[in-house]
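For reference, the structure discussed in these notes is given below.
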Amino acid sequence: MDRLADNTNVPAAWFLVGATAVGKTAVAQHLAERTGAAILSADAMLVYRGMDIGTAKPAAAERGQVRYFGLDMADPDEPFSAGVWLHRVRAEWMASRDLPCLPAGSPAGSGLLVAGGTGLYVRALTQGLDVPAADPARRSYWQERLAREGLPALWHELIARVPQAGNLLADPENPRRVIRALEHFDSHGALPAGWRTVPRPRLVGLHLPRVSLHARILARVERMFGDGLIEEVQSLRARFPAWGRQSHTSGSVRTVAQPAAPGKSGVGADDIVSGDGRPAQAGSCEGLACTACQAIGYAEVCDLLDNRISREQAIAQIAARTRQLAKRQETWFRHQAEVTWIEITPEEPVADMAARVLAAWSEHGPTPIRLS
RNA sequence: GGCGAGGUAGCUCAGUUGGUAGAGCAGCGGACUGAAAAUCCGCGUGUCGUGGGUUCAAUUCCCACCCUUGCCA
């Protein structure tokens with residue numbers, strides 16, 4: 001292959017990670033415009049066409065200045081996954097002969113700049129994914145059995161096949177992981193041993209104090225409504241009628257305005273909760289790829305459009321879910337990667353942040369990526 | 001102004017037949033290899049409105065006051 005860092009013979013890229021709403025996009029854009037680098041978005045929601053406002057996708061003006069990868073790769077009703085993302089991104093990259101190679105030593109030259117907050121996508125890019133996908137039919141088979149028989153039954157099935165699954169699986173109480181392991185076994189006859197022993201890539205990240213980040217998140221949510229988030233969801237629903245036919249906001253989180261506390265002897269409390277009309281099986285979207293319609297902002301606006309919640313509730317819930325996402329992202333990068341954090345403040349000019357990011361990149365060098 | 005209801009965790013509320021309290025949400029921490037903006041796990045000390053009184057002991061009973069709210073004026 002010919003996408004090589006000049007001296008090292010290893011493909012690599014400059015990574016900028018961090019929680020949602022810290023300002024990765026602005027800094028990446030700033031740097032790309034000045035270096036001629038292309039930007040690869042490592043974000044699981046920016047891949048969907050038509051979902052622009054709610055995902056804070058870089059605007060057309062910005063995209064005209066810089067070559068972007070990883071945006072608008074699929075329609076919201078297409079099944080998508082980290083694996084699809086990785087294959088497509090690799091293919092696009094290999095096909096782009098005109099893209100500049102990474103400069104040796106100096107990040108002030110051009111190259112590939114990866115910006116995003118989806119840890120799994122970053123990992124896929126730096127480590128690759130182990131084996132081809134499993135058969136989707138197997139997934140639905142196990143999903144049905146989970147619904148019918150419960151998690152312990154699936155766990156027994158898994159242990160029967162892979163006695164040491166307890167050590168291979170990080171989180172046996174997580175139905176998705178158990179199902180994933182089962183479908184993986186069905187397709188490949190074994191579980192990959194490397195699931196829990198991944199090297200941590202060295203990255204550069206932006207970090208804001210929690211309070212500042214929360215303030216930014218709320219401001220951004222309100223701006224999204226001003227920018228036409230509701231209209232965007234309406235047009236998506238016009239294109240995909242199954243979208244938002246029922247509440248997508250699942251029960252675990254999200255009900256900011258709780259009707260009444262279900263006390264031990266709380267007569268009527270349960271009635272109020274269930275009467276509120278949210279059966280809320282997360283992501284039951286009748287044929288639609290659920291990922292997109294579960295997306296933060298989109299699920300809540302559907303509830304708003306169907307009069308299940310008020311505008312104020314929608315804003316509060318979107319902000320809360322975004323905060324929770326941001327925390328999970330921080331946790332991921334804190335522990336799953338070796339990140340050099342650039343501590344920023346809300347007032348700091350983008351150019352200053354960019355300069356500090358550049359300095360960190362210079363110091364540590366680019367992060368190797370796997371193109372095959 | 002009169003009568004009623006209420007003031008308990010950041011929010012919405014339980015509860016204590018007197019022995020200083022607990023749920024949901026929020027928040028915090030953690031996990032994470034093809035659904036990842038997903039999914040899953042863990043974490044509950046707060047002047048129980050204020051000041052008095054009764055009591056071995058009051059957040060719980062009594063009195064006063066303050067605040068909120070509903071109805072009547």
Side-chain angles (χ1 to χ4, degrees), chain A residues 19-21 42-48 51 54-56 79-87 116-136 139-140 143 151 168-181 183-184 187 191-199 210-211 214 248 250-270 272-273 282-283 285 288-300 313 316-337:
Chain A
T20 182
D43 186 299
M45 290 300 135
L46 293 191
V47 302
Y48 292 112
M51 296 170 61
T55 61
F80 201 83
S81 69
V84 174
W85 180 84
L86 183 60
H87 284 303
T118 302
L120 182 58
Y121 285 20
V122 170
R123 171 179 283 173
L125 204 59
T126 55
Q127 320 298 336
L129 292 168
D130 42 35
V131 234
D135 177 5
R139 175 127 101 207
S140 24
Q143 274 174 326
L151 184 60
L168 295 174
L169 239 65
D171 188 3
E173 290 183 87
N174 189 335
R176 287 215 178 164
R177 297 257 154 70
V178 175
I179 288 183
R180 172 70 189 141
E183 65 181 75
H184 196 288
S187 298
L191 292 189
W195 268 6
R196 304 199 59 189
T197 54
V198 224
R210 203 49 82 73
V211 259
H214 285 186
H248 296 298
S250 82
S252 59
V253 214
R254 286 149 238 195
T255 347
V256 166
Q258 276 291 311
K264 287 173 212 156
S265 56
V267 184
D270 290 335
I272 298 172
V273 172
C285 337
L288 252 188
C290 296
T291 317
C293 55
Q294 279 181 349
I296 296 174
Y298 294 85
E300 289 79 6
Q313 284 175 313
Q317 288 180 26
I318 293 168
R321 267 231 281 170
T322 308
R323 276 182 248 125
Q324 292 163 352
L325 165 65
K327 190 157 76 63
R328 271 180 275 128
Q329 290 174 307
E330 286 187 358
T331 302
W332 171 287
F333 288 115
R334 204 150 49 210
H335 299 277
Q336 306 291 323

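Being a predicted model, the structure only gives us computed values, none of them experimental. Order of the sequence lines fixes the chain letters, A, B, ..., with proteins taken first and strands second; residue numbering starts at 1 for each chain.
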How far, in whole Å, is [M] from [N] if one measures between their [atom1] atoms?
| N | M | atom1 | result |
| --- | --- | --- | --- |
| B:rA64 | B:rG70 | P | 24 Å |
| B:rC43 | B:rU50 | P | 30 Å |
| B:rU17 | B:rU12 | C1' | 27 Å |
| B:rG24 | B:rU8 | C1' | 16 Å |
| B:rC56 | B:rC66 | P | 32 Å |
| B:rC40 | B:rU33 | P | 15 Å |
| B:rG19 | B:rU59 | C1' | 12 Å |
| B:rA57 | B:rG18 | C1' | 8 Å |

Under 3.5 Å for both donor-acceptor distances, Watson-Crick or wobble: does [N] have a partner, and if so which one?
| N | answer |
| --- | --- |
| B:rC40 | B:rG30 |
| B:rC65 | B:rG49 |
| B:rA23 | B:rU12 |
| B:rU17 | none |
| B:rA35 | none |
| B:rA58 | none |
| B:rG2 | B:rC71 |

Interatomic distance where [atom1] belongs to [X] and [atom2] belongs to [N] [whole Å]:
| X | N | atom1 | atom2 | answer |
| --- | --- | --- | --- | --- |
| A:H87 | B:rU33 | NE2 | C1' | 13 Å |
| A:I296 | B:rA36 | CD1 | C1' | 11 Å |
| A:Q127 | B:rC32 | CD | P | 13 Å |
| A:L120 | B:rA31 | CG | C1' | 13 Å |
| A:E330 | B:rG29 | CD | P | 8 Å |
| A:R180 | B:rG34 | CZ | P | 4 Å |
| A:L46 | B:rA37 | CG | P | 10 Å |
| A:E183 | B:rU39 | CD | P | 16 Å |

Kindly point out which of [options] is positioned nearest to the side chain of [X]?
| X | options | value |
| --- | --- | --- |
| A:D43 | B:rU33, B:rA35, B:rA37 | B:rA37 |
| A:N174 | B:rG34, B:rU39, B:rA37 | B:rU39 |
| A:K327 | B:rG29, B:rA37, B:rA35 | B:rG29 |
| A:R210 | B:rG29, B:rA37, B:rG34 | B:rG29 |
| A:T331 | B:rA31, B:rA36, B:rA26 | B:rA31 |
| A:R177 | B:rA35, B:rA36, B:rC40 | B:rA36 |
| A:A170 | B:rA37, B:rU33, B:rG27 | B:rU33 |
| A:R334 | B:rA36, B:rG34, B:rG30 | B:rG30 |

Donor-acceptor pair, side chain of [X] and main chain of [Y], under 3.5 angstrom:
| X | Y | result |
| --- | --- | --- |
| A:Y298 | A:G54 | yes |
| A:Q127 | A:A124 | no |
| A:S187 | A:H184 | no |

Heavy atoms under 4.0 Å, any strand shown: does [X] hit a base, just sugar-phosphate, or nothing?
| X | answer |
| --- | --- |
| A:Y298 | nothing |
| A:P175 | sugar-phosphate |
| A:Q336 | base |
| A:Q143 | base |
| A:G119 | nothing |
| A:H214 | sugar-phosphate |
| A:W332 | base |
| A:T20 | nothing |
| A:H335 | sugar-phosphate |

Between A:V84 and A:G297, who's closer to the 5' end of RNA chain B by nearest nucleotide?
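The answer here is A:V84.
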Hey, which of these two, A:Q329 or A:A82, hits RNA chain B nearer its 5' end, going by closest nucleotide?
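This one resolves to A:A82.
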Below 4.0 angstrom from OP1 or OP2 of [N], is there any side-chain N or O of [X]?
| X | N | value |
| --- | --- | --- |
| A:R328 | B:rA37 | no |
| A:T291 | B:rA36 | yes |
| A:Q324 | B:rA26 | yes |
| A:Q294 | B:rA37 | no |

Below 4.5 Å, heavy atoms only, C-beta onward: do A:T291 and A:M45 meet side chain to side chain?
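Side-chain contact under 4.5 Å: yes.
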Under 4.5 Å between any side-chain heavy atoms of A:V47 and A:W85, yes or no?
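Yes, their side chains come closer than 4.5 Å.
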So how far is it from A:E183 CD to A:R139 CZ, rounded to the nearest 0.5 Å?
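A:E183 CD to A:R139 CZ: 5.0 Å, rounded to 0.5 Å.
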When rounded to the nearest 0.5 angstrom, what is the spacing between CG in A:D43 and CD in A:Q329?
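Going from the CG atom of A:D43 to the CD atom of A:Q329 covers 8.0 Å.
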Check the pair A:W195, A:L169 against side chain to side chain contact (heavy atoms under 4.5 Å, CB included), reporting the backbone distance first and the verdict last.
CA-CA 8 Å; A:W195 268 6; A:L169 239 65; 3.7 Å; yes
Shortest non-hydrogen contact from A:M51 toward A:A292
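Between these two residues, the closest heavy atoms are CE-O, 3.5 Å.
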